[in-house]
Amino acid sequence: MELIIGPRLYSTWSLRPWLVLKRCKAEFTVREIDIYSPEGQAELERVSPSRLVPLLRVEGVTIWDSMAISVWCAERYPETRLWPADPHARWLARSAACEMHGGFMGLRTDCGMGPDHTMVGSDRSSSPTGEAVERDIRRIVSLWREMRGRFGAGGPYLFGEWSVPDAFFTPVAARFRHYQIDLAAHGDDGVAAAYRDTLLAQPDFLEWSEQALADR
Ligand SMILES: N[C@@H](CCC(=O)N[C@@H](CS)C(=O)NCC(=O)O)C(=O)O
């Protein structure tokens with residue numbers, strides 16, 4: 001099984017299924033494509049039906065899209081319990097992961113990741129401002145506070161124990177750190193900042209970060 005990813009330093013989409021596969025203790029190899037080089041673009045054209053990463057190659061099939069790979073993992077590794085056991089928590093965990101997967105364009109645009117803005121190893125000195133990004137940050141803080149308050153009693157993650165939304169929000173935590181976003185100025189009472197720090201301290205994310213810095 002092979003996971004095809006973009007550069008570890010800034011491919012936020014690639015980090016998500018990698019974290020999910022690690023949680024499942026899946027055996028897989030990783031191929032990193034430098035999507036910013038002409039050779040990488042040519043390789044992307046050859047291997048990716050959507051011309052995007054991440055991709056999971058398994059049993060001769062190429063699964064594209066980070067959410068599709070996460071759903072496949074939940075099917076293949078049911079013992080890992082990638083979604084919360086409580087039905088209400090599970091419905092909202094899917095809502096939260098899907099909201100991240102399909103939204104927050106203001107944050108993605110104004111707090112972009114790329115060669116100059118990496119998930120680890122660099123910090124910008126000032127935070128971006130603008131209506132769309134401000135709204136997204138407020139929404140994320142509110143979502144994190146609500147889910148932690150309602151479902152977080154069993155552990156430090158969004159729904160207590162680790163689940164797929166934690167993988168989807170880890171790159172958000174890295175953006176918040178890189179762009180030095182003051183969560184208290186966006187409605188946080190400390191709960192969202194503590195959750196951000198939990199995501200950034202996950203052993204699997206630290207492993208990803210170490211590899212990203214070593215590749216640099
Ligand atoms: N919805 C897709 C989005 C994937 C995506 O946008 N990938 C970006 C990189 S992180 C990409 O492959 N870009 C190719 C390029 O910029 O040429 C997913 O969740 O996997």
Side-chain angles (χ1 to χ4, degrees), residues 1-24 26 28-58 61-76 82-83 93-122 124 132-133 136 140 143 158 163-179 199-200 204-205 207-209 211-213 215-216:
M1 185 156 78
E2 181 182 49
L3 182 70
I4 303 180
I5 62 172
R8 280 188 180 82
L9 275 171
Y10 41 81
S11 183
T12 56
W13 296 104
S14 301
L15 170 59
R16 296 164 204 186
W18 185 87
L19 287 171
V20 176
L21 283 160
K22 292 288 281 187
R23 278 279 153 179
C24 298
F28 64 103
T29 56
V30 173
R31 188 192 331 171
E32 187 172 322
I33 298 182
D34 176 8
I35 56 175
Y36 285 87
S37 73
E39 299 77 25
Q41 283 292 317
E43 192 175 354
L44 207 51
E45 191 83 56
R46 271 198 312 278
V47 300
S48 176
S50 59
R51 280 200 75 268
L52 300 171
V53 282
L55 307 162
L56 184 70
R57 287 182 142 178
V58 55
V61 172
T62 299
I63 305 174
W64 72 94
D65 192 277
S66 55
M67 181 59 88
I69 297 169
S70 303
V71 170
W72 176 87
C73 286
E75 271 175 34
R76 177 59 67 98
L82 286 174
W83 297 101
R94 290 184 180 139
S95 302
C98 288
E99 184 175 353
M100 177 60 239
H101 189 58
F104 302 127
M105 287 317 294
L107 184 75
R108 291 184 210 282
T109 306
D110 289 357
C111 298
M113 292 274 122
D116 297 330
H117 297 289
T118 57
M119 284 193 276
V120 284
S122 68
R124 249 183 74 111
V133 67
D136 283 354
I140 291 166
L143 187 160
L158 199 56
S163 63
V164 170
D166 299 306
F168 279 70
F169 282 117
T170 298
V172 172
R175 284 178 208 264
F176 284 170
R177 176 174 62 185
H178 175 81
Y179 284 95
L199 293 181
L200 294 173
D204 289 337
F205 179 62
E207 183 185 327
W208 170 280
S209 306
Q211 287 171 3
L213 292 171
D215 292 348
R216 194 152 62 162

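One-based numbering, in listed order, for ligands and for the atoms of each.
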Where does ligand 1 get N/O contacts under 3.5 Å from the protein, atom by atom?
| residue | atom | partner | partner atom | Å |
| --- | --- | --- | --- | --- |
| ligand 1 | 1 (N) | Asp65 | OD2 | 2.9 |
| ligand 1 | 6 (O) | Trp13 | NE1 | 3.2 |
| ligand 1 | 7 (N) | Val53 | O | 2.8 |
| ligand 1 | 12 (O) | Val53 | N | 2.8 |
| ligand 1 | 17 (O) | Gln41 | NE2 | 2.9 |
| ligand 1 | 19 (O) | Asp65 | OD2 | 3.4 |
| ligand 1 | 19 (O) | Ser66 | N | 3.2 |
| ligand 1 | 19 (O) | Ser66 | OG | 2.6 |
| ligand 1 | 20 (O) | Ser66 | N | 2.8 |

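Inter-residue side-chain proximity for Leu199 and Asp166 is flagged as met; some heavy-atom pair is nearer than 4.5 Å. Side-chain contact between Ser48 and Leu55 is present, with heavy atoms from C-beta onward closer than 4.5 Å.
Under a cut-off of 6.0 angstrom, the local environment of CH2 in Trp72 is crowded, with over 12 non-hydrogen atoms contributed by other residues, nucleotides or ligands.
The side-chain hydrogen bond (donor to acceptor under 3.5 Å, both in side chains) check on Ser70 picks up nothing, with sequence neighbours excluded.
Note: Phe104 and Phe169 have tilted aromatic rings, judged against thresholds of 30 and 60 degrees for the angle between ring planes.
Nearest approach of Ser66 to His101, heavy atoms of both residues: OG-CE1, 3.3 Å.
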